[in-house]
Amino acid sequence: MRRSIKILAENLEKCPYTSATTTTAPPRRFSEIPGPREIPVIGNSGNLKYVIGTDAETIENYNKHLEEMYNKYGKIVKEHLGFGRKYVVHVFDPADAQTVFAADGKTPFIVPLQETTQKYREMKGMNPGLGNLNGPEWYRLRSSIQHAMMRPQSVQTYLPFSQKVSEDLVKHVAEEQIRFGNVNMQKVAGRWSLESAGQILFEKSLESLGNRSEWADGLIELNKKIFQLSAQMRLGLPIFRLFSTPSWRKMVKLEDEFYAEVDRLMDDALDNLKSSESDSQNMRFASYLINRKELNRRDVKVILLSMFSDGLSTTAPMLIYNLYNIATHPEALRKIQEEIKEDPTSSKLPYLRACIKETFRMFPIGTEVSRITQKDLTLSGYLIPAGTAVDINTNILMRNMILFSDSPHEFKPERWLEKSKSVHPFAFLPFGFGPRMCAGRRFAEQDLLTSLAKLCANFDIRHRGEPITQIYETLLLPRGNCEFEFKKL
Ligand code: HEM
């Protein structure tokens, strides 16, 4: 990891943002970090709006609250969460992000994205899963999938399945277009991500893009409700930690329903797969896992469940955001179509890749990448003691005026193709960084590239109506008109 930091840091001198943060003065005290006024018990004055008014609009605008804090207090802000919770330090400077990641060590510690899911799994005697674990148990499970998930060559094994899913998607989109006159991508993207998860994780078609689309819609809706409620409970009063509140009981019911379905899918897959002596390089994911001697069936299920639940809510919105950018920029669609026409079998597609990268920048799926520091650090000149929760606000960083000064809110895929333009290497972190970087990154990138290429090669795509924006529902999910017109070429 140190080497990758070194490589990424090669452009640093060119960045005005970084040099401003370099200082030799002794660090200032933690208590001096700027932030909203603190009120005993409640914590930050800013928390009041979440405690008093956990209405949907307040929660949905949490990302705007972060932006306001950045505008008001600057590139480092301290917030006390109140009600027995501790401080979180928000950083909005890529140089600080680099310092935090450099200190990650072999087992970076994180604050779980969904505390409610962690609590539910603990209550049921389940392992909390990759994205909620810390320490040696996280390391043991993560090491066992590193080879199969993170090496580009390993993920290539799944290319034929990804291509099959993209062909099913094209067929499904054409049918929906004829049937409804427009395609509701909120539904179709969810079915697509479920189908892809089935192929990768359960080694079979779930027929989500075929005759089981209603079943798929039900599971996706359930997952959406869990994310919405989880956002409310994360920002509201944390009474559910102590008592069984109505929200907690509702959450347990939703999670029960979700796990009953996923458990059945995992058991079906594992009962049908056998241990094999064949070359593990060419095995699909579940087969690869059951052939790992260090993993028992329970471990395999923990990994499958983590991958399933983390993948379901991320790739579907990313497909929608990509389609939106492409459909609202006809010249970009034309360039993608020309690129594909020139070399129909190539998977290089530099222009489409730049469009995807630009969409990750403009529509980040998460508000932050979190870490709990394991040693004392100096961030923006302030001393941060070990054990502090630090949120690296990727959402703000990737649309920052200084870092993307020419046009942070414009869709400009060309910025990723122009070699002369240097972007701070820690300003663009859609998948996080280091040993805890998104475990599904390669799958997500491959699926998006393959399916977007297929859609662009087959259709002229149009978006009309209310623009798509983002709202906070634990992740940053689409709001606006997600209906598209797909005209067969
Ligand atoms: C397009 C989509 C996606 C984005 C932008 C995304 C982003 C992220 C980010 C930012 C993290 C935290 C990384 C860190 O702390 O440094 C993460 C973690 C994770 N992601 Fe993704 N993700 C995506 C898709 C997926 C998919 C498709 C899967 C599964 C197939 C997946 C599985 C996971 C898992 C298991 C973790 C936890 C890793 C750990 O803590 O060891 N993600 N993702």
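Every number for a ligand or one of its atoms is a count from 1 in the order of the listing. We count residues from 1, following the sequence as given.
Closest to atom 24 (C) of ligand 1 among all protein heavy atoms lies T314 OG1, 3.1 Å. From the protein, the heavy atom lying nearest to atom 29 (C) of ligand 1 is M307 O, 3.3 Å. Protein heavy atom nearest atom 7 (C) of ligand 1, with residue, atom name and distance: P430 O, 3.5 Å. At the top of the distance list for atom 38 (C) of ligand 1, counting protein heavy atoms only, stands R142 NH1, 3.3 Å. Looking from atom 3 (C) of ligand 1 to the surrounding protein, the closest heavy atom is F431 CE2, 3.5 Å. From the protein, the heavy atom lying nearest to atom 20 (N) of ligand 1 is C438 SG, 3.2 Å. G311 CA, 3.6 Å is the protein heavy atom nearest to atom 27 (C) of ligand 1. Among all non-hydrogen protein atoms, the one lying nearest atom 36 (C) of ligand 1 is D310 OD2, 3.5 Å.
For the pair W138 and ligand 1, a heavy-atom separation below 4.0 Å is found.
Using modelled atom types and a 3.5 Å distance limit, the side chains of E137 and N127 yield a donor-acceptor pair. Under the 3.5 Å distance criterion, with hydrogens and angles disregarded, a donor-acceptor pair is assigned to the side chains of Y259 and R121.
Here K124 pairs with Y120, M126, D256 under the side chain to side chain contact (heavy atoms under 4.5 Å, CB included) rule; sequence neighbours left out. Residues passing the ring-ring contact (aromatic ring centres under 6.0 Å, His included) test with F227: none are found, sequence neighbours excluded.
Contact atoms of ligand 1 toward F433: 16 (O) (distance under 4.0 Å to a heavy atom of the residue). Close contacts of ligand 1 with M318, meaning ligand atoms under 4.0 Å from a residue heavy atom, involve 1 (C).
Residues E122 and K119 are not paired through a salt bridge, judged by the lack of any N-O separation under 4.0 Å between the basic side chain and the carboxylate. The existence of a salt bridge linking R140 and E294 is excluded, since no basic side-chain nitrogen approaches an acidic carboxylate oxygen closer than 4.0 Å.
Residues E79 and H65 have side chains in contact (heavy-atom distance under 4.5 Å, counting atoms from C-beta outward). L194 has its side chain within reach of F308: a pair of non-hydrogen atoms, C-beta onward, lies under 4.5 Å apart.
Taking the six-membered ring for Trp, F428 and F404 have ring centres at least 6.0 Å apart.
By the criterion of a heavy-atom distance under 4.0 Å, both the backbone and the side chain of R436 are placed next to ligand 1. Contacts with ligand 1 closer than 4.0 Å are made by no heavy atom of F443, backbone or side chain.
Backbone and side-chain nitrogen or oxygen atoms of L429 are examined, and none is located within less than 3.5 angstrom of a nitrogen or oxygen of ligand 1. Considering backbone and side-chain atoms alike, R371 places an N or O below 3.5 Å from some N or O of ligand 1. Looking at ligand 1, you won't find any N or O of S306 less than 3.5 Å from one of its N or O atoms.
Residue M150 comes nearest to C438 through the heavy atom pair CE-O, 3.4 Å, listed as atom of the first residue, atom of the second, then distance.
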